[in-house]
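Accompanying notes for the structure given below.
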Amino acid sequence: MNRMSKGIASCTGRFLAGDRRSAERRRVIRVLSLGLAGSLVASIALSAAPAGAVETYVRSSATVTLSGHGYGHGHGMSQWGAYGAAAVSHLSWQSILAFYYPGTRLANLGNPTIRVRLDAAGSGILHVYSSSGLRLAGKALPATGITQYRARSLAAGGRMQVDALSSAGWKPYLSVASPAVFSSSTGQVAVKLPSGSRRSYRGSIVANRTSSTSVQTVSVLPMESYLRAVVPAEMPPSWHANALRSQAVAARSYAAFDRARTPSGRDWDTCDTTSCQMYSGVPAEFAASDAAVATTAGQMLISGGAPAFTQFGSANGGWTAPGSQSYLAARADPYDGAIANGANAWSASITVAAMQARWPSIGTYRQLRILRRDGHGQWGGRVLTAAIDGSAGSVTVTGATIRSAFGLRSEWFVPTNGAVASSSQHDSNGDRRPDVLAVVAGSGDLRMYAGDGASGWSSTRVIGTRFGGFPKVLTAGNWNADAVTDVMAQKPDGTLWLFPGTVAGALGAGVQVGSRWGVYDLVFPVGDFNGDGHPDLMARTPDGGLMLWSGNGQGGFLGAPRRIGSGWKGFTSVVGSGDFSGDRRADVIARTASGLLYLYLGNGSGGWLPPRLIGQGWNMFSTITSSGDFNGDGKSDLFGRGRDGTLWMYAGNGAGGFLQREAVGTEWNMFSTILP
């Protein structure tokens, strides 16, 4: 389907109100001189998300609820966008086309003949209604006493039989060589559709013999007559005149593109469905659409001297998608959504039962992992590939496959009721809210402080004992892929142990996962730093080298570590902050002895983008750490423990800076370690 124009038809004459969002009021407060320039924040917020970041959404109910953008493939012109550009931004039809097809230019096509395969007529036998002036191969057909004619294939000889229907029933009228061509002095031929309804078409109707039992029906007519039925079928005729004119030129160019590339020997140029362009004959015509066709008569877009491939769709959701031609480029679209509608933004639900039925090899559905997006727009843009995981296995599919399987409006979507199983979201009890773990000085008890998802605490309990004897203790994210945060600890002999988290409370029995980890003076989790969908660790050598240990998603490591930095010796604290900059890549925050705070941006594939200075005065804290999105606003936050034991939360603004800080605890100096 090239355009998904059904979205237009379903919304004709009505616009969905209440979709206009007021600008978010942001309180960016300079705490300890933290903050970023407004222009920098704006540029980060508008940047496209990376295509390689992996998102994991764990099953939370019997239904997966989605929010989405756009209706159709998103290539070329958005029809709702054209409407917004014309009615709200007052663009001319020429300017609308220039925006959606940059690099093309207008040229005159004239009014050539086009041949349209009529799938609406079926493939068995062609029925036409008798009328005064009806002709077969240019010769007049009797009308008196005849109500219909039909053309059917004969078994041999490449010939066709034309029969006539009268009160006496069907009688053979004439045998002709294929094709059988019906025309009329009125310029219209009325066809009986398989449903029994009657539809008139301009030009001639051609029945081509395709086998001994079937025919293929083709409507042959001038291009401008064809467009009179196409434009109102693709865009509501009540819309702004310049939107209709841009649609007329796009439809003319699209048909000319098809016509220019018709294979030799094929008896049709284009078809009458959304696989090509909607074409419903004379009943579809409207005066306003006729005027748009007439005003732009013969005008088409060309590129390189040939008709342009002017794809279009109902709505692109605010970003066009890259297509097969240079002029089908990805770009932000300020016009799509200018008029509120249900194609720009939508919601849908998929039942777990439906997913299991569609892919039975997965067993019981557990989670959806979005592996790759196109990088354009909210959430990182359209889904390119995703993995559907279950108890028995996993399948990797395209976003287009998910869209088709469940009738979604586009492949630009995000689950909204699934737990985001992020290794930087420290959920230690399975309630999908980040928690904080800390070792009590003296007793060595490992306590879990369960977050309530709104900057507070819901409960506390001991989940492990004798952790005071470990030189290093850290959270490891969902290291064994069960969506509950696990704990790692290094023993004095240098061995590294994994203690699986459980929703029941206490940690599971430890399993050795490494040795010789005593060579590192610092180890901390960084989430999915290399973009493969599994959490990773970083470790610092005494000379300041930084090593990346990649998790394998099964409770172990993916081979040997890789050196990804040097000169890190000068930092007194280094923590993985999850996605702190809002670009869906795992980042690292580091503090110098003088209290400067730097944000080291990950590039999503195991490397770095340029770092930023994001604060000063952070040497007032004995510990800095992060547990993910502690206040529930969808952005990673940071904790700082003051020398007096007060625990402060610095809410991230999602763009590499902070909002207002908040005291979330006291007497936290009772802990020897707050786990990173």
Side-chain angles (χ1 to χ4, degrees), residues 111-155 157-230 232-233 255 267-273 278-286 290 293:
N111 191 20
T113 296
I114 188 163
R115 302 171 301 170
V116 187
R117 188 187 74 206
L118 292 185
D119 292 348
S123 60
I125 299 174
L126 168 65
H127 292 80
V128 299
Y129 287 94
S130 176
S131 64
S132 177
L134 187 66
R135 301 186 180 100
L136 175 63
K139 295 182 180 180
L141 288 170
T144 303
I146 306 298
T147 57
Q148 291 182 44
Y149 287 92
R150 70 183 182 188
R152 55 187 175 88
S153 294
L154 293 176
R159 297 187 67 81
M160 303 183 69
Q161 178 66 46
V162 176
D163 303 321
L165 178 63
S166 67
S167 59
W170 286 103
K171 299 290 184 181
Y173 175 74
L174 184 67
S175 173
V176 297
S178 178
V181 181
F182 294 90
S183 61
S184 175
S185 59
T186 65
Q188 300 181 24
V189 177
V191 174
K192 182 180 180 182
L193 304 183
S195 64
S197 61
R198 176 177 181 142
R199 181 182 294 173
S200 293
Y201 293 91
R202 297 188 183 277
S204 59
I205 297 295
V206 178
N208 294 287
R209 183 184 185 276
T210 54
S211 74
S212 61
T213 59
S214 65
V215 300
Q216 184 176 81
T217 303
V218 177
S219 173
V220 181
L221 72 167
M223 178 71 77
E224 299 302 295
S225 298
Y226 162 73
L227 293 172
R228 292 178 64 184
V230 170
D267 52 27
W268 54 276
D269 303 312
T270 190
C271 65
D272 65 345
T273 71
M278 286 299 297
Y279 169 63
S280 303
V282 175
E285 296 175 6
F286 279 85
D290 287 350
V293 173

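What you see is a predicted model; the values in this text were computed from it and never measured.
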Mind checking the [atom1]-[atom2] spacing from [X] to [Y]? Nearest 0.5 Å is all I need.
{"X": "Arg152", "Y": "Met160", "atom1": "CZ", "atom2": "CE", "answer": "10.0 Å"}
{"X": "Arg117", "Y": "Thr270", "atom1": "CZ", "atom2": "OG1", "answer": "8.5 Å"}
{"X": "Ser123", "Y": "Asn208", "atom1": "OG", "atom2": "CG", "answer": "13.0 Å"}
{"X": "Thr147", "Y": "Leu165", "atom1": "OG1", "atom2": "CG", "answer": "3.5 Å"}
{"X": "Leu126", "Y": "Ile205", "atom1": "CG", "atom2": "CD1", "answer": "7.5 Å"}
{"X": "Ser204", "Y": "Leu136", "atom1": "OG", "atom2": "CG", "answer": "11.5 Å"}

Using side-chain heavy atoms (C-beta onward) and a distance below 4.5 Å, is [X] in contact with [Y]?
{"X": "Ser130", "Y": "Gln148", "result": "no"}
{"X": "Asp267", "Y": "Val206", "result": "no"}
{"X": "Val181", "Y": "Val220", "result": "no"}

Among Arg150, His127, Lys171, side-chain hydrogen bond (donor to acceptor under 3.5 Å, both in side chains) partner for Asp163 | Arg150
Does [X] reach the main-chain N or O of [Y] with its side chain, forming a donor-acceptor pair under 3.5 Å?
{"X": "Ser153", "Y": "Ser211", "value": "yes"}
{"X": "Asn111", "Y": "Glu224", "value": "yes"}
{"X": "Arg202", "Y": "Val282", "value": "no"}

Provide the closest heavy-atom pair for [X] versus [Y] in the form atom of the first, atom of the second, distance.
{"X": "Ala151", "Y": "Ala180", "result": "CB-CB, 4.2 Å"}
{"X": "Arg159", "Y": "Ser175", "result": "NH2-O, 2.9 Å"}
{"X": "Ala284", "Y": "Ala229", "result": "CB-O, 3.8 Å"}
{"X": "Ser166", "Y": "Gly145", "result": "CB-O, 3.2 Å"}
{"X": "Tyr173", "Y": "Pro142", "result": "OH-CD, 3.4 Å"}
{"X": "Tyr129", "Y": "Ser197", "result": "OH-O, 4.4 Å"}

From the options Leu221, Thr217, Val230, select the one residue that forms a side chain to side chain contact (heavy atoms under 4.5 Å, CB included) with Val116.
->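 Only one option passes, and that is Leu221.
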Could you please spell out the steps behind the side chain to side chain contact (heavy atoms under 4.5 Å, CB included) verdict for Phe182 and Val191?
-> CA-CA 10 Å; Phe182 294 90; Val191 174; over 6 Å; no
Mind checking whether Tyr226 and Tyr279 have parallel, tilted or perpendicular rings, split at 30° and 60°?
-> tilted
